[in-house]
Amino acid sequence: MTGASLTTFSAFSAFAAAEELERALGCPFDPDTGMSLARGVRADDLEAEPTAAYEAAWAAGLHEHLVPVAEGGRLGSFESLLAVVRAASRRELAVSVGFGSTLLATAPVWTWGDDTQRRRVAELALGRAWGTAGISEEAAGSDLLATATRAAPMGEGFVLNGKKWLVGNGRRSSFATVLAASDPSFGLFLIDFEAVGGDAVRRLPKVPTHGLRGHDLSGFVLDDCRVGAGAVIGRPGRGIEMVTGMLQFTRTLVGGSSLGAADTALRIALRHARGRMLYGEPALALAPVRSLLARAFADLLIAECTGLAAARALDVARQRMALWSAVAKYVVPALCVDAVNACGEVLSARAYLREGVADGAFQKLVRDVAITPVFEGTQLVQLDTVRAQLVSGARRRAGAQRAEVPLPLLFGFGEPVTPVAPRDQRPSLTYGAADEVVDLLDEAVAALGDDQELFSLGHTLLKVRDETRETLRGLGTARTTETYKAARRHCLVHAGACCLHTWLRRRDALGGLAADRAWLSVALRRVVERLGFPAGPDREAEDRLVRRLEDLDDDDRAFSLVPLRLAPQYRGSAPGRI
């Protein structure tokens with residue numbers, strides 16, 4: 001990285017923790033590091049926990065980023081946490097998902113817990129204890145109202161009975177936040193497993209999975225589990241409201257796992273294409289290969305813009321997250337999965353081998369990343385949330401403030417924010433009917449007036465936005481195929497708008513790739529094509545994106561609009577070897 005780039009990056013304090021983690025963990029392509037791809041493949045083959053990877057993550061302080069600064073940890077912003085999760089996920093998704101399950105357990109405590117609860121959970125998390133969120137049940141699925149676990153009043157406390165299944169860290173967790181039916185309604189309870197002891201908690205076996213084989217996806221049974229009155233988190237009867245609020249944090253941060261996996265997949269495919277000789281020249285010289293890589297990179301960048309805006313909104317615009325977190329959860333993992341699949345096309349037969357290219361890590365990565373669209377609610381669940389929020393917002397739109405959140409603040413990626421204190425700004429159940437990202441798309445498109453090609457692409461987004469609003473107004477609250485299609489179109493328009501706002505608000509500060517029109521040209525085309533409109537390829541822009549990929553890889557930088565320095569990259573002894 002050049003001196004100028006280093007100077008530029010120094011202004012982006014939100015990403016300093018990710019750079020520090022990169023240095024501490026070392027290159028994932030180096031087989032001798034604790035979180036190496038090679039070690040991950042070996043553990044995956046045995047369906048064993050990646051113990052060395054967990055130890056490396058703890059030694060690097062990854063768990064400290066789950067605890068807010070106000071509670072003695074290092075969580076200073078959710079934008080920073082997204083970058084940290086992305087760095088860990090470049091190496092081993094089982095690790096980032098395991099820590100994510102602990103975050104899901106701690107989030108309601110940071111937001112609604114009392115002083116005693118926050119101190120105890122901070123002590124546990126900083127002491128490397130796993131947490132689990134006891135929300136999911138086999139019969140209930142995503143229907144929280146069907147929760148069968150019951151917390152009955154008894155003396156000065158409660159006795160809990162029920163079974164939680166398909167929960168992260170279910171077997172190894174030291175504490176849990178548990179949703180249970182109670183009086184006056186559903187409540188959320190903090191259970192310290194060591195404190196309850198005895199036979200009150202029975203751990204269930206790990207559930208075999210195709211991907212994330214090293215993650216503890218299991219469950220537990222509560223059998224006359226007695227807890228005191230101090231176990232109640234927040235106000236009694238507000239359990240479902242709290243679960244809905246805490247998912248706004250975790251479904252946004254799942255995107256960090258997807259982005260990290262896509263970065264590694266793209267790096268594997270790029271290096272293979274540079275070193276693989278076909279028809280007397282590197283495979284990278286072939287136009288179809290270059291196009292696949294460019295489009296995969298563009299998908300990653302669309303996902304990044306959407307994910308960064310949502311993570312930053314957790315810091316500066318939490319009142320919008322009832323909508324924006326669901327949009328980000330729908331968009332980011334799906335685009336990253338598409339990018340990984342495109343990389344598989346570049347690798348061709350080698351994508352299916354369990355040896356050779358990147359120590360056979362690609363086939364593991366494909367299986368691991370496939371679950372990210374399902375975590376924290378499936379794609380259909382997200383679309384239902386988006387649909388419901390937009391229908392509710394349409395009724396309130398006339399009286400809503402149009403631009404309460406300044407776009408320069410929302411898209412000021414990397415700029416410092418006040419350290420997180422979740423209890424000071426609790427999640428809202430609705431987004432307030434004002435959606436600055438999409439509402440202010442008109443001004444963003446107008447700013448492209450001198451660039452007729454980009455202006456035309458942006459105008460398509462505006463057309464779809466307006467048609468989608470009319471559709472939702474006409475169909476109302478019905479769960480029809482048309483309303484879900486409208487919700488999907490809204491998500492894609494939001495993603496395109498995030499790209500445009502990033503280009504207009506942040507390209508000069510970020511510099512480098514971010515200031516290159518090529519990424520925006522290909523990215524908008526990818527969005528417009530997904531909306532069902534012919535966009536036509538920009539071959540020159542695609543070639544520029546591939547050259548950018550090569551430069552970023554050679555310079556040990558993330559495949560990102562943010563000039564993030566990676567750990568020095570291990571490339572083996574031969575050119576092109578990974």
Step-by-step side-chain contact (heavy atoms from CB on, under 4.5 Å) determination, His490 to Val327: CA-CA 8 Å; His490 175 87; Val327 171; 4.1 Å; yes
Shortest non-hydrogen separation from Leu126 to Gly72 and the atoms involved: CD1-O, 3.8 Å
Aromatic ring pairing Trp58/Phe99, orientation class (parallel under 30°, perpendicular over 60°, tilted between): perpendicular
Salt-bridge criterion met for Lys329 and Glu376 (N-O under 4.0 Å): no
Closest heavy-atom pair and its distance - Gly255, Leu82: C-CD1, 4.2 Å
Side-chain heavy atoms of Leu179 within contact of Thr149, under 4.5 Å: no
Nearest atoms (heavy-atom pairs only) where Leu409 meets Arg312: O-NE, 2.7 Å
Pairing residues for Phe158 by the ring-ring contact (aromatic ring centres under 6.0 Å, His included) criterion, not counting sequence neighbours: Phe189
Nearest heavy atoms of Lys163 and Leu204, plus distance in Å: CE-CD1, 3.6 Å
Residue pair Leu383 / Cys491, side-chain heavy-atom distance below 4.5 Å: yes
Interatomic spacing from OG1 in Thr111 to CD1 in Ile233 - rounded to 0.5 Å: 10.0 Å
Inter-residue atom distance Thr250.OG1 - Phe375.CZ, 0.5 Å rounding: 11.0 Å
Glu137 side chain vs Asp143 backbone, donor-acceptor pair below 3.5 Å: no
Step-by-step salt bridge (charged side-chain N to carboxylate O under 4.0 Å, His left out) determination, Asp183 to Arg150: CA-CA 10 Å; Asp183 293 325; Arg150 174 74 182 172; 3.7 Å; yes
Pair listing, ring pair (Phe, Tyr, Trp, His ring centres under 6.0 Å) test, anchored in residues 230-251, at least two apart: Phe78-Phe249
Heavy-atom check, side chain of Thr483 versus side chain of Thr471, under 4.5 Å: no
Check: Asp114 side chain, Gln117 main-chain N or O, donor-acceptor pair, under 3.5 Å: yes
Any Asp368 side-chain heavy atom under 4.5 Å of Glu92 side chain: yes
Intermediate values then yes/no, side-chain contact (heavy atoms from CB on, under 4.5 Å), Asp223 and Asn161: CA-CA 5 Å; Asp223 187 7; Asn161 285 280; 3.7 Å; yes
Heavy-atom check, side chain of Val438 versus side chain of Arg469, under 4.5 Å: yes
Met35/Val95 under side-chain contact (heavy atoms from CB on, under 4.5 Å): CA gap, chis, key distance, verdict: CA-CA 9 Å; Met35 288 186 74; Val95 169; 4.0 Å; yes
Qualifying salt bridge (Lys or Arg N to Asp or Glu O under 4.0 Å) pairs with a residue from residues 192-213, counting only residues at least two apart or across chains: Asp44-Arg213, Arg120-Asp192
CZ-CD distance between Arg318 and Gln248, expressed to the nearest 0.5 angstrom: 9.0 Å
Exceeds 12 heavy-atom contacts within 6.0 angstrom, atom CZ of Arg367: yes
Contact check, side chains of Arg479 and Asp384, non-hydrogen atoms, under 4.5 Å: yes
Trace of the salt bridge (charged side-chain N to carboxylate O under 4.0 Å, His left out) decision for Arg426 with Glu241: CA-CA 11 Å; Arg426 292 173 176 172; Glu241 178 183 331; over 6 Å; no
Test side chain to side chain contact (heavy atoms under 4.5 Å, CB included) applied to Leu259 and Cys336, Ser89, Pro333, the passing residue: Cys336
Evaluation steps, salt bridge (charged side-chain N to carboxylate O under 4.0 Å, His left out), between Arg489 and Glu467: CA-CA 10 Å; Arg489 289 195 296 271; Glu467 290 175 350; 6.0 Å; no
Candidate pair Glu19 and Leu564, rule side-chain contact (heavy atoms from CB on, under 4.5 Å), full reasoning: CA-CA 7 Å; Glu19 271 206 340; Leu564 177 65; 3.2 Å; yes
Sidechain-backbone polar pair: Ser392 side chain, Gln389 backbone, donor-acceptor under 3.5 Å: no
Any side-chain heavy-atom pair of His494 and Thr306 under 4.5 Å: yes
Thr132 side chain to Gly134 backbone, donor-acceptor under 3.5 Å: no
Arg235 atom CZ, over 12 foreign heavy atoms within 6.0 Å: no
Candidate pair Asp299 and Arg526, rule salt bridge (charged side-chain N to carboxylate O under 4.0 Å, His left out), full reasoning: CA-CA 7 Å; Asp299 285 350; Arg526 296 293 286 165; 2.9 Å; yes
Distance-minimising heavy-atom pair for Thr106 and Leu66: OG1-O, 4.1 Å
Residue pair Ser560 / Arg86: nearest heavy atoms and the distance that separates them: CB-NH2, 3.9 Å
Spatial distance of atom OH (Tyr484) from atom CD (Gln379) [nearest 0.5 Å]: 13.0 Å
Pair Ser257-Thr372, side-chain donor/acceptor within less than 3.5 Å: no
Positive for side chain to side chain contact (heavy atoms under 4.5 Å, CB included) with Leu323, one of Thr430, Val437, Leu390: Leu390
4.5 Å side-chain heavy-atom contact, Thr468 and Val493: no
